Amino acid sequence: MSTQTAPKLSPEKTRPAKAYGMTSPTSKVGALDISRRKPTATDIVIEILYCGVCHSDLHYARNEWADAMPATYPAVPGHEIVGRVVEAGSGATKFKVGDLAAVGCMVDSCRTCTNCKRDLEQFCENGCTMTYGSTDPHLNIPTHGGYSEAIVVDQAFALKVPTNLELPAVAPLLCAGITTYSPLRHWKAGPGKKVGIVGLGGLGHMGVKFSHAMGAHTVVFTTSPEKKADALRLGADEVVMSKNPDEMAKHANSFDFILNAVAAKHDINAYFAMLKLDGTLAMVGAPSEPLPVAVFNLIMPRRQFAGSAIGGIAETQEMLDFCSKHNITSDIELIKIQYINEAWDRMEKGDVKYRFVIDMASIKS
Ligand code: NAP
Ligand code: ZN
Ligand code: ZN
């Protein structure tokens, strides 16, 4: 476990912000005071109105990803942020005070490497700056996420928010939305394609909406029989109970693409068997434990096993514009920040339909 004490900062460079976070991997999520940088010329200050609750928040802050992304404490999660611009630097011309703005999982990158130049900042060769769990390059202190009253971000990493959508339900698009939209685009979900979505949680329910809107024949794999009606309402053409071998067998060798959004250890080999020749199973779910692969499931017939991470800034804006056009938002349960520990416990049990979103006004109470 990594623990880090924030260096002392000169008050001229920082501003205080109220936040909620964890002080150790086993603490409760509670109120904290954190420091944000004072805005530079290209920064905007966003008063956070709503922040979605992603399973990654829990994996990270409880240090379940100790090997891949060790947590530093205090850990302030939250990377599905929408709010209002309350200050804009002199060079931050993309936004003006009063505009809506959104922030997802990244707040900066090197902007010069090959991948950044291809609008794939999430794969920055020098490591992108994540909204939480990275180091703020301006102050050399840990970045803190959106369970907070405000965030300071370079305008290049802030998104324009469509005005025709219900704002709290837009927040989850910033992670759950782009993380499913990007691989569905990359692997060309569309008419004539059979697409599977595994796990009907925050990511999965967005994957169903996007796959359906893109015109693919969409099949949901779920462990939860009570979610069947919802899956059909969200846009699934078929729903398969993944624990029922007979239902699974009917779909063998038939999928072009399967997107796996499961947050826990499970048998992925059952899904390889669903792919046809040259079909792909892509992981976006990030269980903390390794998933054993029976390689013969890949060798015959030439199947591919892949992964995908969020999406670049340009593609995130494209996704928001797609949502505006197709009237797509997340199905949410709006909560107060004081409910966050119960919300995490419920999310772990799969008891959320389908994303908690924090009404950040509650941080003031
Ligand atoms: P979530 O809302 O908790 O949904 C996860 C779903 O997985 C559950 O609703 C459940 O669906 C299924 N599931 C849970 N435990 C299972 C088990 N033991 N066996 C089989 N299925 C199980 O989580 P989320 O916020 O959507 O995040 C999903 C995963 O994606 C997390 O690991 C998260 O860290 C990761 N993530 C990755 C990226 C990326 O860029 N790659 C971005 C964001 C999140 P059913 O009830 O339908 O079975
Ligand atoms: Zn997330
Ligand atoms: Zn880069």
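Read the numbers this way: they start at 1 and go in the same order the structure lists the ligands and their atoms. What you see is a predicted model, and the numbers here were worked out from it, not measured in a lab.
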Under 4.0 Å between heavy atoms, the region of Trp65 that gets near ligand 1 turns out to be side chain

The protein heavy atom nearest to atom 35 (C) of ligand 1 is Val284 O, 3.5 Å

salt_bridge(Asp345, Arg62) N-O dist < 4.0 Å:
yes

Atom 12 (C) of ligand 1 sits nearest the protein heavy atom Gly199 CA, 4.1 Å

Could you label the plane-to-plane angle of the Phe210 and Tyr181 rings as parallel, tilted or perpendicular, counting under 30° as parallel and over 60° as perpendicular?
-> perpendicular

* Asked: Salt bridge between Glu47 and Lys364, side-chain N to carboxylate O under 4.0 Å?
  -> yes

Original post:
Contact between Ala176 and ligand 1, counting heavy atoms under 4.0 Å?
Top reply: no

Test salt bridge (charged side-chain N to carboxylate O under 4.0 Å, His left out), reference Asp256, set Lys193, Lys276, Arg303, output is Lys276

Output field for angle at the Zn ion (ligand 3), Cys113.SG vs Cys116.SG, rounded to 10°, should show 100°

If you measure every N or O of Ile310 against every N or O of ligand 1, does any of those distances drop under 3.5 Å? yes

Row for the Zn ion (ligand 2): angle SG (Cys175) to NE2 (His79), 10° precision, value 110°

2.8 Å cut-off met by an N, O or S atom of Cys105 to the Zn ion (ligand 2)
no

For atom 29 (C) of ligand 1, the closest protein heavy atom turns out to be Gly285 CA, 3.5 Å

Filtering Lys227, His55, Lys353 for the heavy atom nearest atom 8 (C) of ligand 1 leaves Lys227

For Ser224, the atoms of ligand 1 under 4.0 Å from one of its heavy atoms are 45 (P), 46 (O)

If we number the atoms of ligand 1 from 1 as shown, the ones under 4.0 Å from a heavy atom of Thr179 are 38 (C), 39 (C), 40 (O), 41 (N), 42 (C)

The closest protein heavy-atom partner of atom 26 (O) of ligand 1 is Leu203 N, 2.7 Å

For His212, does the NE2 atom sit with more than 12 other heavy atoms under 6.0 Å from it, leaving out its own atoms? no

request  = Please determine, by modelled atom types, if Lys227 and Thr222 share a side-chain donor-acceptor pair under 3.5 angstrom.
outcome  = no

Are Glu238 and Lys250 ion-paired here, with the side-chain N under 4.0 Å from a carboxylate O?
no

One finds that the ligand 1 atoms under 4.0 Å from a non-hydrogen atom of Thr222 are 45 (P), 46 (O), 47 (O), 48 (O)

Item checked: Stepwise side chain to side chain contact (heavy atoms under 4.5 Å, CB included) check, Arg185 with Met214 -> CA-CA 9 Å; Arg185 279 280 187 242; Met214 290 172 189; 3.7 Å; yes

The protein heavy atom nearest to atom 2 (O) of ligand 1 is Gly202 N, 2.9 Å

To atom 13 (N) of ligand 1, the nearest of Asn260, Val53, Val262 on a heavy-atom basis is Val262

Ligand 1 to Met347, heavy atom cutoff 4.0 Å, flagged ligand atoms 3 (O)

Note: Thr223, heavy atoms under 4.0 Å from ligand 1, region reported as both

Notebook entry, point to check: Between the side chains of Tyr73 and Asn63, does any donor sit under 3.5 Å from an acceptor?
Noted result: no

Looking only at protein heavy atoms, what sits closest to atom 5 (C) of ligand 1 is Ala261 O, 3.8 Å

Under 4.0 Å between heavy atoms, the region of Ser56 that gets near ligand 1 turns out to be both

Heavy-atom closest pair (Val239 atom, Glu247 atom, distance to 0.1 Å) is O-OE1, 3.8 Å

With heavy atoms and a 4.0 Å threshold, my read on which part of Arg355 contacts ligand 1 is side chain

Review point. Any N or O of Cys175 that comes nearer than 3.5 Å to an N or O of ligand 1?
Key: no

Q | Lys/Arg N to Asp/Glu carboxylate O, Asp136 vs Lys13, below 4.0 Å | A | no

Q. Do the charged groups of Asp43 and Arg36 touch, with an N to O distance under 4.0 Å?
A. no

Atom 11 (O) of ligand 1 has as its nearest protein heavy atom Leu200 N, 3.2 Å

- Look at the rings of Phe255 and Phe221 and say which category their plane angle falls in: under 30° parallel, 30 to 60° tilted, over 60° perpendicular. tilted

Of all protein heavy atoms, the one nearest atom 15 (N) of ligand 1 is Ala264 CB, 3.7 Å

Q.
Is the shortest side-chain heavy-atom distance between Thr131 and Phe157 below 4.5 Å?
A. no

